[in-house]
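In this text, all values refer to a predicted model and were calculated from it rather than measured experimentally. For this chain, numbers begin at 1 and follow the sequence in order.
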Amino acid sequence: METISSTSREALVTMLCSYGGYLVEATKDETTGDFVISKTDDMVPSRIKLEIGGPSKRPKKADFVIRDDTDYPGGNSIPLWLLGMMY
């Protein structure tokens with residue numbers, strides 16, 4: 001199985017979250033995560049920090065880690081393929 005590059009992963013997550021109705025912003029400081037997503041139509045603003053990476057990626061200070069090459073979600077880890085369900 002071939003893995004995708006980190007740039008491709010981040011581009012895919014950005015696209016899927018945008019299509020899902022989320023506002024996607026890059027974090028100012030990469031030590032806290034890669035992106036912050038928020039729902040644009042909510043009355044109460046909610047911001048979620050995301051870290052995107054491979055199967056051994058650990059969260060820095062992010063709320064969720066989106067991992068490539070994993071099969072099941074667990075804890076604050078979400079498989080990359082699961083985001084495709086929003087599309």
What are the two closest heavy atoms between Ser38 and Arg47, and how far apart are they?
CB-CG, 4.2 Å
Which atoms form the tightest heavy-atom contact between Gly33 and Ala62, and what is the distance?
CA-CB, 4.5 Å
Are [X] and [Y] connected in the hydrophobic side-chain network, where two residues link if heavy atoms are under 4.5 Å apart?
X     : Y     : answer
Val24 : Val36 : no
Phe35 : Ile78 : yes
Leu80 : Ile37 : yes

To the closest 0.5 Å, what do you measure between [atom1] ([X]) and [atom2] ([Y])?
X     : Y     : atom1 : atom2 : value
Glu10 : Ile52 : CD    : CD1   : 5.5 Å
Phe64 : Ile48 : CZ    : CD1   : 6.0 Å
Cys17 : Leu23 : SG    : CG    : 10.5 Å
Ile66 : Leu83 : CD1   : CG    : 4.5 Å
Thr27 : Lys61 : OG1   : NZ    : 11.5 Å

Any Asp63 side-chain heavy atom under 4.5 Å of Asn76 side chain:
no
Is there side-chain contact between Leu50 and Asp34, with at least one heavy-atom pair below 4.5 Å?
no
Applying side-chain hydrogen bond (donor to acceptor under 3.5 Å, both in side chains), name anything that partners Asp71, two or more places apart in sequence or on another chain.
none
With sequence neighbours left out, write down each residue that passes side chain to side chain contact (heavy atoms under 4.5 Å, CB included) with Ser77, or none if nothing qualifies.
Arg67
